2 protein chains.
Amino acid sequence: MNILLAEDDLNLGELLSNFLKSKGYQVDLTRNGKLAFERFNQKKFDFCIFDVMMPEMDGFTLAKEIRELDKKVPILFLTAKAMKEDKLEGFALGADDYLTKPFSMEELLARITAISRRADIGEASEEEKYQVGTIAYEPTYRILHLAEGKKKLTTKENQLLHLLVKNKNEILDRQATLRAIWGDDNYFNGRSMDVYIAKIRKLLREDPNIEIMNVHGKGFKLVIKE
Amino acid sequence: MNILLAEDDLNLGELLSNFLKSKGYQVDLTRNGKLAFERFNQKKFDFCIFDVMMPEMDGFTLAKEIRELDKKVPILFLTAKAMKEDKLEGFALGADDYLTKPFSMEELLARITAISRRADIGEASEEEKYQVGTIAYEPTYRILHLAEGKKKLTTKENQLLHLLVKNKNEILDRQATLRAIWGDDNYFNGRSMDVYIAKIRKLLREDPNIEIMNVHGKGFKLVIKE
DNA sequence: CAAACGCGTTAAAAAAGGTTAAGCTCTATT
DNA sequence: AATAGAGCTTAACCTTTTTTAACGCGTTTG
């Protein structure tokens, strides 16, 4: 299981990282929210642990960005002792739990176990495979199973389609997507994204029930009729 | 839009109720959780605002009961300042937001606007299907089945028509609608809405029994004769 | 009843999106 | 090192969607 850990205190960070690794998890440690966000978009994570107070981008903002793209990945916050209002903000973002420093390693492990068990029900994680209308899609291998045969997607095609599919029937926010895939939501990246939407639409044309609809000024939404 | 308000402090209750009414919402004010729950079962509400501390039945218990019946209706809690663990409990129940007393009316309005927008346009994802006079309407796919064939609606057309249809035979309040769709009820958005009312009227002209009537100074009402 | 306001409607301006193709930047290959 | 190819970005052009403006008419209110 892959864990994304964002902690600016390098001592604590290494400590946690080593502990979790010793328990059989794979851990990516990042120094701040910004780096964590980039990492999150490059790799698939099953669990996130964020310190709330970090330079560049704090844990809550980070969680907000991530929630735009992934509604499900469990997020656990590490907060300095007994903050008041701050905690709530975390929960409103769909946090699954929080720990107040100082905490014991065992406590952390217990939470991770409990939450990931809950999150895992019905999900075989690792090998992802989707059925989009009549078309099978394997983001892990970037393969689209069309009627005429397998089609290998490019990096960007795959990233975008993956997000669309993960957020089926929901609006995929334009800005958040741009930041996730292109790292920046300026005008030109926006146009680039439009170009990729066009490419993907062409690829999925095979099944007339699939539609990527535009929500003016907001983003795109993948819907599949009946 | 119908709001269910539960607040035992009658002064505050009346104040809130009047303020919200002045902003175009219909408000049912109840004195405690028990009465609120009864009211909830008699009428359809689009939004709930509950004080946490109330006699008979507190806000959290109330929310728990309501969530048993309705998983989606937005709930906002009003809490006395800075409770600690208690607050968290609210979020676990699927609260959408909370406000800590004292708060400003504007702040409340902003939250309501934001949440109901999110709930409204974000995910209308269940297969809805309406019959408006002789015209079938599928808001999920933004399709209007006219005599001449299918007509695809634009984002705004769809949002507005959806609200009209959901509130058939009831007045769709102008200001509340503007905040729900446009996020702000300023003069220009108002004119924009009028333009869309005109568009929709044109689309629905096919069936002479359909009428979108104006209620001067209040809003619009979709009625279907006999 | 007149001034102010709200609404109906149409047209024009502005913004956002759809699509195609040319250009650029890598990387792999000769 | 030059060439070719793949992938991505930028540019260009066009369409659709939304907003803003303008004008006229009905309604309300003092």
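Bear in mind that the values here come from a model prediction, so they are computed numbers and not experimental data. Letters go in sequence order (proteins before strands), and every chain restarts at 1.
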Working for salt bridge (Lys or Arg N to Asp or Glu O under 4.0 Å), residues B:Lys72 and B:Asp70:
CA-CA 6 Å; B:Lys72 293 196 310 185; B:Asp70 189 326; over 6 Å; no
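- Spacing between atom CD1 of A:Ile212 and atom C1' of C:dT19 amounts to 14 Å, rounded to whole angstrom units.
- B:Asp28 has a carboxylate O that lies under 4.0 Å from a charged side-chain N of B:Lys43, or vice versa, which qualifies the two as a salt bridge.
- Classification of the B:His162-B:Tyr137 ring pair by plane angle, with boundaries at 30° and 60°, yields perpendicular.
- Rounded to a whole Å, the CD1 atom of B:Ile181 is 15 Å from the C1' atom of D:dT17.
- Here C:dG8 presents its P atom at 13 Å from CZ of B:Arg205, a figure rounded to the nearest Å.
- When ring centroids are compared, A:Phe60 and A:Phe50 stay outside the 6.0 Å threshold.
- When each of C:dG8, C:dT19, D:dT19 is scored by its nearest atom to the side-chain atoms of A:Arg201, the top-ranked nucleotide is C:dT19.
- Phosphate proximity of D:dC8 to A:Trp182: absent, as no side-chain N or O sits under 4.0 Å from OP1 or OP2.
- In this structure, A:Asp194 reaches the bases: a heavy-atom distance under 4.0 Å links it to at least one base atom across the strands shown.
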Would you please test A:Lys221 and A:Leu172 for side-chain contact (heavy atoms from CB on, under 4.5 Å) and show each step?
CA-CA 6 Å; A:Lys221 190 163 126 185; A:Leu172 183 62; over 6 Å; no
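- Relative to the side chain of B:Tyr196, the nucleotides C:dT9, D:dT19, C:dT19 differ in distance, and D:dT19 lies closest.
- Taking every heavy atom of residues 143-157 of chain B and every atom of DNA chain D, pairs under 4.0 Å involve B:Thr154, B:Thr155, B:Lys156, by number.
- A:Tyr25 does not carry A:Lys23 over the face of its six-membered ring by the limits of under 6.0 Å from the centre and within 45° of the normal.
- Taking atom NZ of A:Lys218 as the reference point, atom P of D:dT16 lies 25 Å away to the nearest angstrom.
- What separates CE of B:Met193 from C1' of D:dT18 is a distance of 15 Å, to the nearest Å.
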A:Glu65 vs A:Arg179, salt bridge (Lys or Arg N to Asp or Glu O under 4.0 Å): CA-CA, chis, key distance, verdict:
CA-CA 9 Å; A:Glu65 296 271 307; A:Arg179 282 191 299 271; 2.9 Å; yes
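- Results of the side chain to side chain contact (heavy atoms under 4.5 Å, CB included) test with B:Glu211 over B:Val223, B:Ile224, B:Leu222 single out B:Val223 as the only residue that passes.
- Residue-level contact check: A:Lys202 touches the backbone only, with heavy atoms under 4.0 Å from sugar-phosphate atoms and none from bases.
- If you measure from atom CZ of B:Arg174 to atom C1' of C:dC5, you get 11 Å, rounded to the nearest angstrom.
- Rounded to an integer number of Å, the gap from B:Arg142 CZ to D:dT16 P is 15 Å.
- Across all strands shown, B:Phe220 has heavy atoms under 4.0 Å from sugar-phosphate atoms exclusively, and none from any base.
- In the helix from C:dC1-D:dG30 to C:dT30-D:dA1, the terminal helix axes, each the rotation mapping four pairs' C1' atoms onto the next four within five end pairs, subtend 30°, rounded to 10°.
- With salt bridges taken as basic N to acidic carboxylate O contacts below 4.0 Å, none links A:Glu138 and A:Arg142.
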Restricting to nitrogen or oxygen on both sides, can you table the protein-nucleotides 21-30 of chain D pairs closer than 3.5 Å?
{"residue": "D:dA22", "atom": "N6", "partner": "B:Arg191", "partner atom": "NH1", "Å": "3.4"}

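- Taking atom CG of residue B:Leu178 and atom P of nucleotide D:dT18, one finds them 15 Å apart after rounding to whole Å.
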List the steps, then state whether side-chain contact (heavy atoms from CB on, under 4.5 Å) holds for A:Phe40 with A:Val73.
CA-CA 11 Å; A:Phe40 186 86; A:Val73 61; 4.0 Å; yes
Using salt bridge (Lys or Arg N to Asp or Glu O under 4.0 Å), reason through A:Arg31 and A:Asp8 one step at a time and then give a plain yes or no.
CA-CA 5 Å; A:Arg31 250 182 303 292; A:Asp8 62 318; over 6 Å; no
Evaluate the side-chain hydrogen bond (donor to acceptor under 3.5 Å, both in side chains) criterion for residues B:Asn158 and B:Thr155: first the C-alpha distance (whole Å), next the side-chain angles of each, then the deciding distance (0.1 Å), finally the verdict.
CA-CA 5 Å; B:Asn158 191 51; B:Thr155 310; over 6 Å; no
